[in-house]
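We name chains A, B, ... by the order of the sequence lines, and we start the count at 1 in each one. What you see is a predicted model; the values in this text were computed from it and never measured.
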Amino acid sequence: MAGTKNMFARGDRMRELTFYHPHSLEEALECLARDPEATKVVAGGTDLYLQVREKQVDAKFMVDLSHIPELHFFRDEAGGTTLGPTLTFAELMQNQTLCRRFPGLVEAAGRIGSPQVRNRGTVGGNIGRASPAGDCSVALLSLGAEVTLRSLKEQRTVPLSEFFTGPGSHIGRPEEVITEIRLPAWAGRSGCSFIKLGKRKALILAIAAVAAYVELDEKSRVRLARVALGSLAPTPRRSFSAEAALEGQPASMEAFVEAGQAALADIDPIDDLRASADYRREVTPVLVRRALSMAAECARSLDLDKSWGGYR
Amino acid sequence: MTTSRISLLVNGIQHDLEVEDGERLLDVLRNRLGLVGVKEGCSTGECGACSVILDGKLVSSCLIFAAQLDGSEVVTIEGLGKPGALHPIQEAFLEAGAIQCGFCTPGMVMACKWLLDYNPNPSETEIREAMSGNLCRCTGYQKIVEAVRLAAQKLRAPSTAELSSVKGGE
């Protein structure tokens, strides 16, 4: 057929792929168990397709997760909110509960790539890719997310803060699949935010990104804070120094400025295509201050909703 | 090399295909189905020239494994209008002068179709956001935005649609 000779002009690696098409999670895990080191799971594939073609990832077998209902769900219960890993970024953005309670996560999902990417890329894929710049990963870190991993033999749940080990790597084993992402129960008088700094408004990896989460007490002091950083270290990571600086402090601009300075202890920036390490050191305190300020504002406004007869 | 069988509805026609497991949706559309209106611009999902509507959603077909698409539905530029019977969006692009070399145009038109399907009266900000995955090296985007606003008018109230009312920014 005319033109087929050009089909693989850019990657002969693609000729060697074999797809599995499981219809249940159990089936998917069986496929994965056959030759885990040579097998990758794929949902949207917006990142993985390129990684395989450009030989950054070795894969002979692909397990298609996009037709498995057990992985595509949203559950909101008293104990917390649970996301299925194959929810796309667009689906996160359209979710009313997430928009109300976790606008930082929705903002992060909305800053990824482009509409075309967001209609295919998934939250599980973002975590599994373990990019230091993964926007959803940064937001989820700030929200205290936990990830459940399953293989044929076992299941385990780990805090996302312990999941990433380096650029593109994490503690998940080759035979494991991310099966759910859990957010703790929503706390009253809490707010979150996400800021992505980049050279343009779409189709960019962040120069730097910060996600913040705060819970305020009745005197508007910080009861709990989480600050997560992206593109500022080999992995998305929490800034425990910024968080410590906020403990018991009033939710004031002074406190946020202090926290911003404290965050510098937790970054490990590099010079790359997008920015220099020096520039990243310059912007980190600014972004942390802004993210905290927005999160506190969010906490106050959600609290106001509550006082208006509990309308949410 | 292994293959997968998929059943794909493309521009209203059902196709039963045996695709190679490494093949992209873009390859299926251009090479197997002859739909060369779908362009390969960058091959990395960053320009939007390959944009099509898959199961109602705008996607970059150069990043999608065809093997995953059994049971899916695709609309390409060829599914919108034909010479002599253009879709109002295509007419709007012509009237607004939003086409120079034309290479980004099919992707731009599909993005516009997707946008107007869910938001029939978008603001300029909403237009630019919705089309942010489509790059154009020729036009500087101004006339493309005007074309989208004109297209929105044409679809809402064809008799009153007027180019002069969409010129310039909001």
>> Show, in sequence, the C-alpha distance, side-chain angles and deciding distance for A:Arg53 and B:Arg24, and conclude whether the side-chain contact (heavy atoms from CB on, under 4.5 Å) test is met.
In response: CA-CA 11 Å; A:Arg53 189 183 73 199; B:Arg24 302 167 300 180; 4.0 Å; yes
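- The residue among B:Leu26, B:Thr3, B:Thr44 with the most heavy atom pairs within less than 4.5 Å of chain A is B:Thr44.
- Residue contact with chain B, scored on non-hydrogen atoms closer than 4.5 Å, is absent for A:Val52.
- Residues A:His21 and B:Asp70 have side chains not in contact (no heavy-atom distance under 4.5 Å, counting atoms from C-beta outward).
- Applying the 6.0 Å contact sphere to CZ of A:Arg34 captures more than 12 heavy atoms from other residues, nucleotides or ligands.
- The environment of OH in B:Tyr141 is crowded: more than 12 heavy-atom neighbours from other residues, nucleotides or ligands sit within 6.0 Å.
- Annotation for A:Lys40: atom NZ does not count as buried by contact number, only 12 or fewer foreign heavy atoms lying within 6.0 Å.
- Within the 4.5 Å cutoff, no side-chain heavy atoms of A:Tyr49 are placed close to those of B:Cys62.
- If you run side-chain contact (heavy atoms from CB on, under 4.5 Å) between A:Arg120 and each of B:Leu58, B:Ile64, B:Leu63, only B:Ile64 comes through.
- Looking at B:Ala130, only its backbone comes within 4.5 Å of chain A, counting heavy atoms on both sides.
- Of the inter-residue distances, the one linking A:Leu17 atom CG with B:Thr2 atom OG1 reads 7.5 Å to the nearest 0.5 angstrom.
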> Yes or no on side-chain contact (heavy atoms from CB on, under 4.5 Å) for A:Met14 and B:Phe65, after CA distance, side-chain angles and deciding distance?
Replying inline: CA-CA 10 Å; A:Met14 310 313 283; B:Phe65 288 108; 3.6 Å; yes
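- Using modelled atom types, one side-chain atom of B:Gln68 and one backbone atom of A:Ala43 make a donor-acceptor pair closer than 3.5 Å.
- Of the charged side-chain nitrogens involved, at least one lies within less than 4.0 Å of a carboxylate oxygen, so that B:Glu129 and A:Arg118 count as a salt-bridged pair.
- Annotation: the span from A:Glu91 atom CD to B:Lys57 atom NZ amounts to 5.5 Å, rounded to 0.5 Å.
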>> Run A:Met62 and B:Asp21 through side-chain contact (heavy atoms from CB on, under 4.5 Å) and show every step you take.
In response: CA-CA 9 Å; A:Met62 306 291 278; B:Asp21 276 346; over 6 Å; no
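- Although no hydrogens or angles enter the test, the distance criterion places no donor-acceptor pair under 3.5 Å between the side chain of B:Ser132 and the main chain of A:Pro115.
- Atom CG of A:Asp271 has more than 12 heavy atoms from other residues, nucleotides or ligands within 6.0 Å.
- Counting only distance, with no hydrogens or angles, the side chain of A:Asn119 and the backbone of B:Val59 share no donor-acceptor pair below 3.5 Å.
- More than 12 heavy-atom neighbours from other residues, nucleotides or ligands sit within 6.0 angstrom of NZ on B:Lys154.
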> Is there a side-chain contact (heavy atoms from CB on, under 4.5 Å) between B:Asn134 and A:Gln116 once you walk through the steps?
Replying inline: CA-CA 9 Å; B:Asn134 293 76; A:Gln116 289 89 328; 2.9 Å; yes
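- A 6.0 Å sphere centred on CD of B:Glu18 holds more than 12 heavy atoms belonging to other residues, nucleotides or ligands.
- More than 12 heavy-atom neighbours from other residues, nucleotides or ligands sit within 6.0 angstrom of NZ on B:Lys167.
- Residue B:Ser60 holds its OG atom at 8.0 Å from CG of A:Leu203, rounded to the nearest 0.5 Å.
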